Amino acid sequence: MRMKNPVKRLLATLTQGVYVVGVGQGGLRDAFTASAVMQVSIRPPMLALAVNPANASFPLLVESGVFAVTALRHDQCAIADFFGTHSARDENKLAAVPWHAAPSGAPVLDEGVSFFDCRVVAQHPAGDHVVFLAEMTGGDFLQGHARPLRYDEVGNMDGSDELLPWHLGGQGDGSEEGR
Ligand SMILES: Cc1cc2nc3c(=O)[nH]c(=O)nc-3n(C[C@H](O)[C@H](O)[C@H](O)COP(=O)(O)O)c2cc1C
């Protein structure tokens, strides 16, 4: 998928994966696509996750204090699109795919490369998102041999091409990369 915005192309050189983040609280469950996931500590293993407070999943995450990250396979673009462009406000996304509960109770997709079960230990506002810092409490491989999907491979699926500024002072726009 082509990215027109030069700042979007620049940010795409920060290698990120594509994940489905599952949350659950009081019998309600939801899952959404996220690229803003990274490891931030070794001992203990900790992840950071940035979440848009407008997501239907946001209050479930805040109230439960847990989430599960499923790392998507390179061929699961359609899953990324589905969980990233539909909201639990309109439909039960988890009814469309096989999933199971992680030990925390948060939903994990049956299909993917791996999953991480996480417990939130801190949160901090970050622009239009909130960053959650979480300890990894468990996890395992699903199809561990498979190559994970990269964020730059899904192009403008999240619509950020139109939202990011188009100029931040640099000269190049990465267009020679032909994306
Ligand atoms: C490729 C991709 C990456 C995304 N990354 C994030 C992210 O890191 N954080 C976030 O809050 N939303 C992200 N989104 C947007 C949410 O997945 C989207 O708003 C979703 O519809 C929210 O679902 P919900 O309302 O059921 O919570 C991403 C979407 C796509 C397609």
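None of the values given here were measured: they were computed from a predicted structure. Side chains are part of it too, since the values below use all heavy atoms of this structure and drop only hydrogens, waters and symmetry mates.
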Cluster link Met46 to Val37, ILVMFWY, side chain under 4.5 Å: no

OG-CZ distance between Ser64 and Arg119, expressed to the nearest 0.5 angstrom: 12.0 Å

Heavy-atom side-chain contact between Leu72 and Val20 under 4.5 Å: yes

Verdict with reasoning, Asn52 to Asp128, per side chain to side chain contact (heavy atoms under 4.5 Å, CB included): CA-CA 6 Å; Asn52 185 336; Asp128 56 8; 5.8 Å; no

Where Thr137 and Cys118 come nearest, the two heavy atoms and their spacing: OG1-N, 3.9 Å

Non-hydrogen side-chain atoms of Trp166 and Val7 separated by less than 4.5 Å: no

Donor-acceptor contact below 3.5 Å, side chain Asp161 vs main chain Lys4: yes

Phe32 backbone acceptor or donor facing Asn55 side chain under 3.5 Å: no

Verdict with reasoning, Tyr151 to Leu14, per side chain to side chain contact (heavy atoms under 4.5 Å, CB included): CA-CA 9 Å; Tyr151 182 47; Leu14 289 175; over 6 Å; no

Closest approach of Gln16 to Ser35 (non-hydrogen atoms, all atoms of both residues): NE2-O, 3.0 Å

Spacing of CZ belonging to Phe115 relative to CE belonging to Met136, to within rounding of 0.5 Å: 8.5 Å

Side-chain donor or acceptor of Asn156 paired with backbone N/O of Ser160 under 3.5 Å: yes

Val130 vs Phe58 side-chain heavy atoms within contact, under 4.5 Å: yes

Nearest non-hydrogen partners of Asp110 and His100, listed with the distance: OD1-ND1, 2.7 Å

Leu163 CG: over 12 foreign heavy atoms closer than 6.0 Å: yes

Interatomic spacing from CG in Asn92 to NE2 in His86 - rounded to 0.5 Å: 12.5 Å

Side chain to side chain contact (heavy atoms under 4.5 Å, CB included) between Leu61 and Leu49, intermediate numbers included: CA-CA 11 Å; Leu61 173 49; Leu49 161 70; 4.1 Å; yes

Taking every non-hydrogen atom, the tightest pair across Arg150 and Thr15: CD-CG2, 4.3 Å

Leu142 reachable from Val18 in the ILVMFWY side-chain graph, under 4.5 Å edges: no

Whether Arg9 side chain and Met3 backbone form a donor-acceptor pair below 3.5 Å: yes

Same apolar cluster: Val51 and Val62, side chain cutoff 4.5 Å: yes

Within one Ile-Leu-Val-Met-Phe-Trp-Tyr cluster: Val23 and Phe83, side-chain cutoff 4.5 Å: no

Separation between CG of Asp81 and OG1 of Thr33, rounded to the nearest 0.5 Å: 8.0 Å

Test item: Ser104 side-chain N/O and Val66 main-chain N/O as donor-acceptor pair under 3.5 Å: no

Nearest atoms (heavy-atom pairs only) where Ala48 meets Val131: CB-CG1, 4.2 Å

Value rounded to 0.5 Å, distance of CD in Glu91 from CG in Asp30: 10.0 Å

Which atom of Ala106 lies closest to which atom of Gly22, heavy atoms considered: CB-O, 3.4 Å

More than 12 heavy atoms from other groups under 6.0 Å of NE2 on His74: yes

Polar side-chain atom of Gln143 near backbone of Val113 as donor-acceptor pair, under 3.5 Å: no

same_hphob_cluster(Val21, Leu133) at 4.5 Å side-chain heavy-atom cutoff: no

Val97 side chain near Glu111 side chain, heavy-atom distance below 4.5 Å: no

Under 3.5 Å donor-acceptor, Gln39 side chain and Ser41 backbone: yes

Check: Thr70 side chain, Val108 main-chain N or O, donor-acceptor pair, under 3.5 Å: no

Side-chain touch Pro59/Gln25, heavy atoms, less than 4.5 angstrom: no

